[in-house]
There are 2 protein chains.
Amino acid sequence: MLVARKNLKRRAPRLRDPERTRQRLLQAAFREVYRYGFQSAGIDTILAATDVTKGALYYHFESKDALGYAIIEEIVAEMTRDRWLRPLQRSKDKDPIDALIGIVRAIPAGPRNLKGGCPLVNLAQEMSQLHEQFRKRLERIFHAWQEGIAMALRRGQHEGTVRRDLVAEETASFLVAMVEGYEVLAKNAQDAKVWNMGIGNIVGWLSSLRAPGSRKRG
Amino acid sequence: MLVARKNLKRRAPRLRDPERTRQRLLQAAFREVYRYGFQSAGIDTILAATDVTKGALYYHFESKDALGYAIIEEIVAEMTRDRWLRPLQRSKDKDPIDALIGIVRAIPAGPRNLKGGCPLVNLAQEMSQLHEQFRKRLERIFHAWQEGIAMALRRGQHEGTVRRDLVAEETASFLVAMVEGYEVLAKNAQDAKVWNMGIGNIVGWLSSLRAPGSRKRG
DNA sequence: CCACCAACATACCAACCAGTCTGCATGATC
DNA sequence: GATCATGCAGACTGGTTGGTATGTTGGTGG
């Protein structure tokens, strides 16, 4: 007598908006990866955070690795562009030191960022030694970041606002290292004071890059 | 008629040296954790790298977490003491800036360290937001590290070799952030040139901490 | 020489994991 | 209005995971 019941309870009317589904997946996956790391982020956990199913995920992404690549190239890279490269582009008529100080000061110190640290560092630390495909993609971001800073510094050297005795690429990498380093310290301390102290130190160092005779700090 | 055969093939004469067994486990676990991260390091993989069995592991360590704590407190902490705190102690009669420059220059840039980065940063990045017990133990190390540097700087200020206008704790944390930051960059780039450039930048910055009138770089 | 305990060895387990497979609804096309 | 590809839904699978239960030694005190 057992009638084979079809137990397919539709959860919601199908969206039929594949691009939107893809974006939802990407965002949820990013949050999970940001929190637990790529390796420890579970596919099922990601799906549970959305109303998307496994079928949809593997329709849009070939594998978990492919999902990771998309996170790096579409979300993490975009964050760097948004926070560093575009502001540097926008302030092409200003003193680059001022622009950099403004950018560093604008990095949010809210509890979320404090807890999770910098997504770029997180992924790089976890994956770059294990997975060459991840490493290459992450390095592109680091490179673009440093190159953006270096370009601004070179312009400043040309315009006379930045000391001419320093090598732009080296100084740019130094700034990146400082930011990333304090990001690590603040994340471990889970304390906004650590981060604010770091900002202060970095800003002070940035000021020391001004060309002698250039405007002093306002 | 099936006689229950005892299939216990002894692998080697029992060592009967529990402390040695514990150390072997710790070292193998450290290597695995260093490579793959704590969460992704598998118990079975660790055991496969030694000739120790699961029974022995769970005799010496209550859980995987306990094993992680031991790695932090007995291996990672010891590395920091060995590389930073003891050299600073030993050079109590020297200029602390010279001592710090020597220490930074002595950080190995070989392919192994380059690949894996700094174990302290690796663990902190992975665990500090997920697991309070890990975070607390790691923070103790960071704190001791910074405090060791700060003490040396204070002594230098007292003796007149270090600028008096800087706050020792802040400067110490800045140095730590720089080292950790370049550690991240070098690990991602997988390139010794990045690390050497970082050393150069850090040494240059350290030199700028000398008190005016104090001996110039030799 | 026997009891006992530290120090393991090994089989086993439930939970979880990334990934697959089959099926089905829906809008576009002819 | 039949056909078909797109865009999924969801059960299932083989392998791996940390952890446990139970057994087995070698040394040692009595």
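Chain naming here is simple, since letters A, B, ... match the order of the sequence lines and numbering starts at 1 in each. Only a predicted model underlies this, so the values are computations on that prediction, with no experimental measurement involved.
Nucleotide D:dG7 holds its P atom 13 Å from the CZ atom of A:Phe61, rounded to whole Å. The distance between atom OH of B:Tyr36 and atom C1' of D:dT16, rounded to the nearest whole Å, is 15 Å. As a whole-Å value, the separation of B:Arg22 CZ from C:dC8 C1' is 16 Å. The distance from atom CG of B:Leu57 to atom P of D:dT17 is 14 Å, rounded to the nearest whole Å. Taking atom CG on B:Asp51 and atom C1' on C:dC8, their separation rounds to 12 Å, with Å as the unit.
When the side-chain nitrogen and oxygen atoms of A:Tyr59 are compared with OP1 and OP2 of D:dC8, none of them lie within a distance under 4.0 Å. Contact annotation: A:Thr21 side-chain N/O to D:dC8 OP1/OP2 distance is under 4.0 Å.
Considering only residues two or more places apart in sequence or on other chains, A:Arg135 meets the salt bridge (Lys or Arg N to Asp or Glu O under 4.0 Å) condition with A:Glu132, A:Glu139. Partners of B:Phe174 by ring-ring contact (aromatic ring centres under 6.0 Å, His included), not counting sequence neighbours, listed by chain and number: A:Tyr182, B:Trp205. Under the rule for a ring-ring contact (aromatic ring centres under 6.0 Å, His included), A:His143 has no partner lying at least two apart in sequence or in another chain. For A:Lys54, the salt bridge (Lys or Arg N to Asp or Glu O under 4.0 Å) criterion is met by A:Asp44, not counting sequence neighbours.
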* Structure fact -> Per-nucleotide protein contact along nucleotides 15-21 of chain C, 5' to 3', at a 4.0 Å heavy-atom cut-off (B base, S sugar-phosphate only, - neither), is ---BBB-
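Electrostatic pairing of A:Arg86 and A:Glu78 counts as a salt bridge here, judged by a charged N lying under 4.0 Å from a carboxylate O.
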Extract all donor-acceptor atom pairs below 3.5 Å that involve side chains of residues 25-37 of chain A and protein atoms in other chains or at least two apart in sequence.
unit_1	atom_1	unit_2	atom_2	d
A:Tyr34	OH	A:Gly117	N	3.4
A:Tyr34	OH	A:Gly117	O	2.5

